[in-house]
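Structure record follows, encoded as structure tokens.
In what follows, every heavy atom counts, from backbone to side chain, and hydrogens, waters and symmetry copies are set aside. Position 1 is the first residue of the sequence, and the numbers go up from there.
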Amino acid sequence: MTAVTACLVDVYETLVSYDFGSHSRKLSELAGADLAAWQAAQVALTPDFDAGRLTIDAAMTRLLSECGIEASPELTRTLARADAEWTRSGCAPYPEAVEFLRALRARNTKIALVSNCGADTRPMLERMGLIDLADESILSCEVGTPKPAPEIYHRALDALGVPAGEAVMIDDQPSYCAGAEAAGVRAIQVTRPGGAAPDPRFPGVSGLLEVLPLLG
């Protein structure tokens, strides 16, 4: 790789552990919904949710409706509270996350956190102390465009003031890595146990600290 002056870093399953399966099971059980139907509904509404077009209450209402369950205000609020609690208790930075971000800063590498997420992600990152270790945080729900659309990568590059050719995207999802490369940003895939399979199109690492030698 040529000299890298900036890293765009994904959040979930790259910096922060997140068990989608457990999350889905807990919420579907609370809702009294079939797990497969609940997960299919989650996938279907993800583009609108990640783009900030759905509040958490609206998302829960839509999930219940898709599963054929009456979305009473009480049940909707209960699910929204459970979702927030899961975000607080079920997500945690990977052990090397802080060390990795600090190592990038020590190299004078600019950092943008680039995530597909809802409005609860920024407060979570603040609680974890990760926001303060990045120069910019480009969250899909705030900018209205999720990965792999090129706009979100360009938004991060513009915020950092670096050209695409000097940046690297670090992500666990092959489609988001491909989106970065389509925007002119090289990509490195983080592959963790139980996560997305390695994609031969991208250099792969099993942990964040393995990224550092690849940056030149």
TODO: For Ala183 and Tyr153, work out which heavy atoms get closest and say how close.
DONE: CB-CB, 4.0 Å
Open item on the list: Within this structure, what is the CG-OG distance for the pair Leu35 and Ser24, rounded to the nearest 0.5 Å?
Closed with: 6.5 Å
Open item on the list: Go through it in stages, so that I can follow the logic: the residues are Leu130 and Met124, the test is side chain to side chain contact (heavy atoms under 4.5 Å, CB included), and I'd like the CA-CA distance, side-chain angles, deciding distance and then a yes or no.
Closed with: CA-CA 9 Å; Leu130 298 179; Met124 179 197 74; over 6 Å; no
Ignoring hydrogens and angles, write down the donor-acceptor pairs under 3.5 Å from the side chains of residues 107-121, residues two or more places apart or on other chains.
residue: Arg107; atom: NH2; partner: Gly216; partner atom: O; Å: 2.9
residue: Lys110; atom: NZ; partner: Leu160; partner atom: O; Å: 2.8
residue: Asn116; atom: OD1; partner: Lys147; partner atom: N; Å: 2.7
residue: Asn116; atom: ND2; partner: Lys147; partner atom: O; Å: 3.0
residue: Asn116; atom: ND2; partner: Tyr176; partner atom: OH; Å: 3.2
residue: Asp120; atom: OD2; partner: Thr87; partner atom: OG1; Å: 3.1
residue: Thr121; atom: OG1; partner: Tyr12; partner atom: OH; Å: 2.6
residue: Thr121; atom: OG1; partner: Gly118; partner atom: O; Å: 3.4

Open item on the list: Measuring only between side-chain heavy atoms, which start at C-beta, is Leu15 closer than 4.5 Å to Met128?
Closed with: no
- [ ] Rounded to the nearest 0.5 Å, what's the gap from NE2 on His23 to SG on Cys91? Could you check?
- [x] 8.0 Å
Open item on the list: To the nearest 0.5 Å, what is the distance between CZ on Phe20 and CD on Gln39?
Closed with: 5.0 Å
Open item on the list: Is any side-chain heavy atom of Gln173 closer than 4.5 Å to one of Asp10?
Closed with: no
Open item on the list: Applying a strict under-4.5 Å side-chain criterion to I, L, V, M, F, W and Y, I'd like to know whether Leu209 and Val98 cluster together.
Closed with: yes
Open item on the list: Working note: Asp172 + Thr191, criterion side chain to side chain contact (heavy atoms under 4.5 Å, CB included); need CA distance, chi angles, decisive distance, verdict.
Closed with: CA-CA 6 Å; Asp172 67 300; Thr191 57; over 6 Å; no
Task: Sidechain-backbone polar pair: Gln189 side chain, Cys177 backbone, donor-acceptor under 3.5 Å - done: no
Task: Heavy-atom side-chain proximity of Trp38 to Leu64 below 4.5 angstrom - done: yes
Task: Gap separating the CG atom of Leu63 from the CG atom of Leu27, nearest 0.5 angstrom - done: 8.5 Å
Task: Sequence neighbours excluded - salt bridge (Lys or Arg N to Asp or Glu O under 4.0 Å) pairs with any residue from residues 12-26 - done: none
Task: Joint cluster assignment, Trp86 & Leu30, ILVMFWY side-chain distance < 4.5 Å - done: no
Open item on the list: Under the criterion side chain to side chain contact (heavy atoms under 4.5 Å, CB included), I'd like the reasoning laid out for Val190 against Ser206: C-alpha separation, chi angles, the key distance, then a yes or no.
Closed with: CA-CA 6 Å; Val190 179; Ser206 60; over 6 Å; no
Task: Spatial distance of atom OG (Ser137) from atom CG (Asp132) [nearest 0.5 Å] - done: 9.0 Å
Open item on the list: Do Leu208 and Val11 land in one hydrophobic cluster if side-chain heavy atoms of ILVMFWY residues count as linked below 4.5 Å?
Closed with: yes
Task: Joint hydrophobic cluster, Val16 plus Leu101, side-chain heavy atoms closer than 4.5 Å - done: yes
Open item on the list: Walk me through whether Glu151 and Thr145 qualify under side-chain hydrogen bond (donor to acceptor under 3.5 Å, both in side chains).
Closed with: CA-CA 7 Å; Glu151 290 83 0; Thr145 306; 5.1 Å; no
Open item on the list: Do Leu133 and Val211 land in one hydrophobic cluster if side-chain heavy atoms of ILVMFWY residues count as linked below 4.5 Å?
Closed with: yes
TODO: Locate the shortest heavy-atom distance separating Pro93 from Ala97; write the atom from each residue and the value.
DONE: CB-CB, 4.2 Å
TODO: For Thr76 and Thr61, indicate whether the former's side chain and the latter's backbone hold a donor-acceptor pair under 3.5 Å.
DONE: no
TODO: In sequence, state the C-alpha distance, the side-chain angles, and the governing distance for Glu99 and Arg102, and then conclude on salt bridge (Lys or Arg N to Asp or Glu O under 4.0 Å).
DONE: CA-CA 5 Å; Glu99 182 180 356; Arg102 286 177 174 166; over 6 Å; no
Task: Spacing of Ile188 atom CD1 and Leu8 atom CG [to the nearest 0.5 Å] - done: 11.0 Å
Task: Pair Cys67-Asp34, side chain to side chain contact (heavy atoms under 4.5 Å, CB included): steps then yes or no - done: CA-CA 7 Å; Cys67 292; Asp34 174 75; over 6 Å; no
- [ ] List the steps and the verdict of salt bridge (Lys or Arg N to Asp or Glu O under 4.0 Å) for Arg201 and Glu181.
- [x] CA-CA 10 Å; Arg201 293 176 295 173; Glu181 297 216 332; over 6 Å; no
Open item on the list: Does any part of the side chain of Cys7, heavy atoms only, come nearer than 4.5 Å to the side chain of Leu215, both counted from C-beta?
Closed with: yes
TODO: Would you kindly check if the NZ (Lys) or CZ (Arg) of Arg186 is within the cone defined by 45 degrees around the ring axis of Phe202 and under 6.0 Å from the six-membered ring centre?
DONE: no
